[in-house]
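Chain letters run A, B, ... following the sequence lines, proteins first, then strands; residues in each count from 1. What you see below is based on every heavy atom in this structure, not just the backbone, and it leaves out hydrogens, waters and symmetry mates.
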Amino acid sequence: MEKAYNPTEAESTHYKRWEERGYFAPEINENPNAEAFSIVIPPPNVTGSLHMGHALQHTLMDVLTRRKRMQGYRTLFLVGVDHAGISTQLMVTRQLKKDEHKTPQDIGRETFTERVWAWKEKYGGTITNQIRREGLSVDWSRERFTMEESLSIAVRNVFVRLYEEGWIYRGTRIVNWCPRDKTVLSDLEVKEETRKDGKLYYLKYPIKDSNKKITVATTRPETMLGDTAVAVNADDERYKDLIGKTIELPLTDREIPIIADEYVDAEFGTGAVKITPAHDPNDYEVGMRHNLEKLVVMNDDATMNANAGADFEGLDRYEAREKVVEKFEELGLLERIDDYEVVLPHCERCRTVVEPLLSEQWFVNMSEMRDMALDLMQKEHAPHFYPNVPHEKVYTTWLENLKDWTISRQLWWGHQIPAWYDKAGNVYVARTKEEAIKKAGTDKLAQDSDVLDTWFSSALWAFSTLGWTGEEVQSPKSKVQSQETEQLTTDNRQPTTDLETFYPTDVLVTGRDIIFLWVSRMVMTGLKFLGEKPFKDVIIHGTVLDKNGQRMSKTKNNGIDPLDVFDKYGVDATRMTLAGSSTGADFAWRDEKVESFRNFANKIWNATRFCLMNSEGAQVDYTFLNPKAEAREIIKTLKDELREFDEEDEEFLDKVIPEFAADNPKENLSIADRWIISRLNKTALNVNKALENYQFHEAVQLLYHFFWDDFCDWYIELVKDEITSEGVNTKRDTARSRIITILEQALRLLHPFMPFLTEELWHKLPEVSHALHNCAYKNAAATIMLTDYPQGDASMIDEKAESEMQAVIELISKVRNIRAEMNIKPSDKPAIYVAANQDLQKIFRENKAQILKLARADELKISESLDAPKASARGVLSGNVEIAIPLEGLIDFEKESERLENQLTKLNTEGERLTRQLANKNFIEKAPVEKVNELRNRVAEIQQQTAALRQNLTALK
RNA sequence: GCCGACUUAGCUCAGUGGUAGAGCAUUCGCUUCACACGCGAGAGGUCAGAAGUUCAAAUCUUCUAGUCGGCACCA
């Protein structure tokens, strides 16, 4: 083995093998009764490439999945990408322009769509290959794409059904229009940005048959060309008598009325508002109330159209703005211009300022589905968000204020809206053109040219990917499945079976930015079309920030590419870093952090290397870890005699186990063995508990601490002499087997987090097959990913062993501490005097060799009371243990007394505080008895230690 | 404007009523036969501030300040 772990090698070999052998597919689990676990990936954009957010999210999902798979669940981690309408279309359009100097219109819709598919085939695999690099155990045989046939059928069926039920409608509304992408956007795709360089223009409008003028304020003067009224508040004394009068709208030949509307706030601006119903959502409402004309003065690229007048037609909206202001100034109608902070809506994707525009679009009224989702939350508290605060509330509040969703997009790439129009403009919504023709009674039909919002198909992701098409009645497993339905299933991969098995999915892991865009919509469609929520739990992970706590962004160019991190530190170290961040909280990326996990990986590598250097005669011997398991093994082999023995019959086992007591390996275990077994089981229990609660960072901490501190720093060191001893003997082989077995268990515990390293090392272990009984998978011998995940056994926690070991550790640490403080050279091996009670004396005697080695001492003198030479450095330990290290000729009396004084001061401070607390009558009366006793015991110990230290001090002088 | 989160060691962060923790950085000492991506031993915090509840508060309540986020926005 190499001296250091080289991640590249392991990463390049194992994934391929896992994938080729089908380990990721749920079918690898042949147990027909296995419980299912499923998780769908939030589909990345087909145009996208991996960023830190993905890496975090993917790591969490893979940790959950790999653990469940090891636990014997029939596990599906479903992967796929979405077609990303706008981005993909833009990308291909750009390429077309660059390569052929053509526009999509030049080549036509059909050819363009073909080009996009070709682009997808060629470049769409970027992110999926990066997903392989991450080591995700996703089932590639079920990879999905939102534009593929089966998912498209689902989209059409959902559209048709919602239309037929009256939830989808076509209407003319003010929508968010992106003049660059030339498409409508939903509210959620619009990002508001505050601009400090805005202006507020005060324009004077002349009143007809009068020399009076009325001043309106606006941030967008160019829209005045589309004004169809000026509104004031009816209660505003200033304007009361102007209501009903007519304005001669400057720069146009139009006359518009002054109307009264409660929308107008008399306190703001001039108290008079220009009304442009076709270019402002609020004005639109006012226009509707007063039956005003809705005059559109802009084209779809935000240039002015003919309605704006000959002077302005063709001008860009900002040019028009300047010109309008100029003309007002010339006419003496510009009152003034104020600096004004404006909030402008921007297209989330291209950052163009969104134009509110009156246009005809398709909408979904979500009220029915919304009520279903709210009802579910109220009744079942589902889906359950992690962390629950604040996401549940944000989710609920958003649903409560839900507005209609604009679903049409003026693009060519996407699911074309299944609506057809006849010559008279009548609309026929149908699953296919044939069906539309039948409905219309004519084949002279044109399909709606728009496509659906990408999120419309993403909203179905949790079940469309499992084969749900909506063709016929299909239900998840919890619903009764009729014979007929199964026969009617058309998909060739038995989709209903996947749907039955894996819906609802167990958990969704995603970022908070798409709680509304995606999570809530999936809940709503899931409830509506499947009658059941699409997932039980939703984990909302945090944002990975840069090292200064800033959001990563292209404009700031402060992004960290996960692939660079993989190259530099390895995938496993990166995964540990990401999983080790607190669930749900944002965290600043630090290279130092991933470096420490790179070091951890290397530590694991080297610990294994050490074990393997001394592995001759060793075998993985799972049974010594757990006598109960061993009994179970033996009983199994005696199955015939025992006949109907139930393996889970714990009561019976408890009776039988003592029968095996004579051979109970526990009797042969050293304190160190019992201690590490206890620590292992405690760690396993806690890691599982942490993961059940999605406390990934807790699990990471536990594993890190167990492996490095417990296993490497203490266990390996304690048994080192034994396993490296020369010559073949049973004692040596037993010790070797034990350490390998503990290591093997630790690797399994680590596997969901560090799949590559653990797989690489696991294959190097001798006779791993010995450890594989009880595994759910017959292929388990070939990979650690199909071995049992150690669940931990509470009965194997040995508190006595832990406290005994603690005494040994404390003793060794104290000696080391004295050595360091007294500047004893590493080569000097003094004697150690220890005074302790009978029990501890026994422990120290049993571990004498290890204490001498780890404390670098020559001699260990254990007795009831300390009888060390005067010239000794001394210390007190818990359990009333005292130690002394003779330093004849070496000791610096002044330094030693200073050291002892320091210890005394510390003890005094603590003692005083505790005594004060114990003197408090209220504390004695109200605090729990255990707490009071705990303090009393501690005070007693402090008193003893103080007395001992005082004596030591006196002896020095 | 409304809602929420956060503020703990130099840095990044754990820690939901009972003596403050980790990693990195830092100090001292180590070519100890797995690992210098290492080993051993230290130093370092009035837990943002104030008030309250409690025998007991980093932890619960209220207020203040700062940071960040979500939602809604008046032309």
Side-chain angles (χ1 to χ4, degrees), chain A residues 1 3-5 192 200-201 216-220 223 230-231 263-265 267-276 280 282-283 286 340 342-343 387 389-391 393-394 397-398 401 512-513 515-516 543 545 547 549-551 569 573 577 580-582 584-593 595-614 695 697-698 700-701 704-705 712-713 716-717 720 724 812-813 816-821 823-827 853-856 909-910 913-914 917 920-928 930-932 934-935 938:
Chain A
M1 278 176 83
K3 204 173 165 185
Y5 173 52
E192 314 248 291
L200 190 59
Y201 303 86
V216 295
T218 179
T219 54
R220 309 181 58 213
T223 62
V230 166
Y263 158 71
V264 181
D265 176 1
E267 306 296 314
F268 189 89
T270 62
V273 186
K274 59 188 274 309
I275 302 296
T276 324
D280 181 283
N282 290 310
D283 292 6
V286 176
Y340 191 68
V342 283
V343 181
V389 178
H391 301 113
K393 192 179 172 187
V394 170
T397 311
W398 184 78
N401 300 305
R512 51 178 163 256
D513 51 335
I515 293 177
F516 308 144
T543 310
L545 308 169
K547 65 176 182 200
Q550 301 284 310
R551 267 170 146 17
Y569 301 101
T577 309
S581 68
S582 187
D586 293 353
F587 73 103
W589 181 266
R590 313 229 96 217
D591 277 352
E592 294 93 322
K593 194 87 190 167
E595 203 174 303
S596 78
F597 283 111
R598 190 260 329 251
N599 296 350
F600 181 57
N602 189 54
K603 188 73 182 177
I604 297 169
W605 174 268
N606 272 292
T608 307
R609 180 165 163 250
F610 171 75
C611 292
L612 293 178
M613 286 166 80
N614 300 289
Q695 298 295 304
H697 64 284
E698 174 77 12
V700 166
Q701 280 310 310
Y704 187 95
H705 176 252
C712 292
D713 285 353
I716 290 184
E717 295 304 330
K720 204 172 227 176
T724 55
I812 294 167
S813 299
R816 286 168 169 176
N817 169 235
I818 292 172
R819 293 185 67 113
E821 293 196 358
N823 296 319
I824 300 172
K825 279 188 282 181
S827 52
K853 179 171 159 51
L854 299 182
R856 303 185 72 80
T909 319
E910 192 189 344
R913 198 188 64 240
L914 296 182
Q917 204 171 341
N920 185 341
K921 210 174 68 190
N922 284 327
F923 174 71
I924 306 289
E925 281 168 10
K926 293 184 181 172
E930 312 85 69
K931 188 42 66 182
V932 177
E934 196 183 307
L935 254 57
R938 179 63 188 144

If you write RNA chain B from 5' to 3' in dot-bracket form, with Watson-Crick or G-U pairs under 3.5 Å, [ ] for crossing pairs and | for pairs with another strand, what do you get? ((((((((.[[[[.)..(..]]]].(((((.......))))).....[[[[[..)....]]]]])))))))....
Is the positively charged end of A/Lys931 above the ring of A/Phe923, judged by distance under 6.0 angstrom from the centroid and angle within 45° of the axis? no
Any N/O pairs under 3.5 Å between the protein and nucleotides 26-33 of chain B? List them or say none.
none

Sugar-phosphate, base or nothing in reach of [X], heavy atoms under 4.0 Å:
X        : value
A/Glu717 : base
A/Lys921 : nothing
A/Ala231 : nothing

Protein-nucleotide distance ([X], atom [atom1]; [N], atom [atom2]), rounded to Å:
X        : N     : atom1 : atom2 : value
A/Tyr569 : B/G23 : OH    : C1'   : 14 Å
A/Trp605 : B/C35 : CH2   : C1'   : 12 Å
A/Gln917 : B/U54 : CD    : P     : 17 Å
A/Phe597 : B/A22 : CZ    : P     : 15 Å

Would you measure the distance from the [atom1] atom in [N] across to the matching atom in [M] and give it in whole Å?
N     : M     : atom1 : result
B/A9  : B/A14 : P     : 13 Å
B/U19 : B/U53 : C1'   : 22 Å
B/C73 : B/G15 : C1'   : 40 Å

Between [options], which nucleotide has the shortest distance from any of its atoms to the side chain of [X]?
X        : options             : answer
A/Glu910 : B/A36, B/G18, B/U19 : B/U19
A/His697 : B/G15, B/A34, B/C3  : B/G15
A/Asn606 : B/G4, B/C55, B/A34  : B/A34
A/Lys393 : B/A34, B/U19, B/G4  : B/G4

Using the six-membered ring wherever Trp is involved, compare the ring planes of A/Phe600 and A/Phe597 and label them parallel, tilted or perpendicular (cut-offs 30° and 60°). perpendicular
Taking only side-chain nitrogens and oxygens of A/Ser582, does any of them come within less than 4.0 Å of OP1 or OP2 of B/C13? no
Sequence-aligned protein contact record of [range], with B where the base is within under 4.0 Å of a protein heavy atom and S where only the sugar-phosphate is:
range                        : answer
nucleotides 70-75 of chain B : S--BBB
nucleotides 38-48 of chain B : SSSSSS-----
nucleotides 7-12 of chain B  : ----SS

What pairs with A/Lys926 under side chain to side chain contact (heavy atoms under 4.5 Å, CB included), at least two apart in sequence or on another chain? none
Under 4.0 Å between a side-chain nitrogen and a carboxylate oxygen: does that hold for A/Arg938 and A/Glu910? yes
Nearest heavy-atom approach of A/Val264 to A/Gly271 is CG1-O, 3.3 Å
